[in-house]
There are 2 protein chains.
Amino acid sequence: MDETLLQRKLGHIIRDRRLALGLSQEELADRCALHRTYVGSVERGERNISIQNIVRIANALDTRLWELIRAAEEGAGVP
Amino acid sequence: MDETLLQRKLGHIIRDRRLALGLSQEELADRCALHRTYVGSVERGERNISIQNIVRIANALDTRLWELIRAAEEGAGVP
DNA sequence: GTGTGACTTATAGTCCGTG
DNA sequence: ACACGGACTATAAGTCACA
């Protein structure tokens, strides 16, 4: 799979998961101690995010990182 | 899980997988168009690697990224 | 509550070596 | 074949004003 494609898909997965939890970008950003606009750009797939930040987002979403990645790679749902 | 812990575990997984394929760091680096010293430091868990580069490494190791991540997070084996 | 462009600072990542 | 370092350059991190 193309790298930039994965990062866009991952953004969608993150957004879906956030909305499923009823959180705003601002609330998610607070949970992982990142900036609101940064989280927004990640969701839009604009950032080549580092592993440390993805882990923090996954934690804030109460999800395992590998499940987020799998959902992005395989199109599977996130629990 | 702590972010830096995951990156160290991921390094070990990458190394194990590379050795299982009988590749040197240099050969792996060539496969994903990254520098040999960089791949070495990733394996040592010293790098906060970006998602694009992890994907390239996963591809070069002929593995799905989510399987690498899962192996690092859960301690499961990589096929 | 979110999208976006511009921006500075931090660090990812390269390239030259050495043991 | 790998670890490690120094000196770079490229790019991610992180923030802001405004729409």
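Remember, it's a predicted structure, so these values are computed and weren't measured experimentally. So that the names make sense, note that chain A is the first sequence line, chain B the second, and so on, each numbered from 1.
Contact between the side-chain N/O atoms of B/Gln25 and the OP1/OP2 oxygens of D/dA3 is found at a separation under 4.0 Å. In terms of phosphate contacts, A/Tyr38 brings a side-chain nitrogen or oxygen within less than 4.0 Å of OP1 or OP2 of D/dA13. Within the 4.0 Å cut-off from OP1 or OP2 of D/dA12, not a single side-chain nitrogen or oxygen of B/Asn53 is found. Dashed line: the shortest gap from a side-chain N or O of B/Arg15 to OP1 or OP2 of D/dA3 is under 4.0 Å. Between B/Arg36 and the phosphate of D/dA1, there is no side-chain N or O to OP1/OP2 separation shorter than 4.0 Å.
Taking atom CG of A/Leu28 as the reference point, atom P of C/dG3 lies 12 Å away to the nearest angstrom. Note: CD (A/Gln52) to P (C/dA12) measures 7 Å, nearest angstrom. Atom pair A/Glu26:CD and D/dC16:P shows a separation of 13 Å (rounding to whole Å applied). Distance, B/Glu43 CD to D/dA3 C1': 11 Å, rounded to whole Å. Per the geometry, CZ belonging to A/Arg47 stands 12 Å off P belonging to C/dG5, to the nearest Å. Put simply, CD1 on A/Ile51 is 16 Å from C1' on C/dT11, counting in whole angstrom units. Between the CD1 atom of B/Ile49 and the C1' atom of D/dA13 there is a distance of 17 Å, given to the nearest Å. The nearest whole Å value for the distance from the CZ atom in B/Arg56 to the C1' atom in D/dT11 is 13 Å.
By the neighbour-count criterion of 12 heavy atoms within 6.0 Å, atom CZ of A/Arg31 is sparsely surrounded, having that number or fewer from other residues, nucleotides or ligands. Other residues, nucleotides and ligands contribute over 12 non-hydrogen atoms within 6.0 Å of the CZ atom of B/Arg18.
In the hydrophobic clustering of ILVMFWY residues, with side-chain heavy atoms under 4.5 Å counting as a link, B/Leu68 and B/Leu19 come out apart.
C/dC7 and D/dG14 make up a base pair, with Watson-Crick or G-U wobble contacts both under 3.5 Å. Partner assigned to D/dA1 is none, using Watson-Crick or G-U wobble distances below 3.5 angstrom.
Between B/Arg44 and A/Ser50, the residue anchored closer to the 5' end of DNA chain D is B/Arg44, taking for each the nucleotide with the nearest heavy atom.
Nearest heavy atoms, A/Thr37 versus A/Arg44: O-NH2, 4.4 Å.
Side chains of A/Glu74 and B/Arg64 form a contact here, defined as non-hydrogen atoms less than 4.5 Å apart.
One can find a donor-acceptor pair under 3.5 Å joining the base of D/dC16 and the side-chain atoms of A/Thr37.
Heavy atoms of B/Glu27 sit nowhere under 4.0 angstrom from any nucleic acid atom. Residue contacts shown for A/Arg18 are limited to sugar-phosphate atoms, with no base heavy atom under 4.0 Å away.
In this structure, the nucleotide among C/dT2, D/dA3, D/dG14 sitting nearest to the side chain of A/Ser24 is C/dT2. Taking every side-chain heavy atom of A/His35 into account, D/dT15 is the closest of D/dT15, C/dC15, D/dC2. Taking every side-chain heavy atom of A/Asn48 into account, D/dA12 is the closest of D/dG14, D/dA12, C/dT2.
Among B/Asn53, B/Ile51, B/Leu6, the one residue that satisfies the side-chain contact (heavy atoms from CB on, under 4.5 Å) test with A/Ile51 is B/Leu6.
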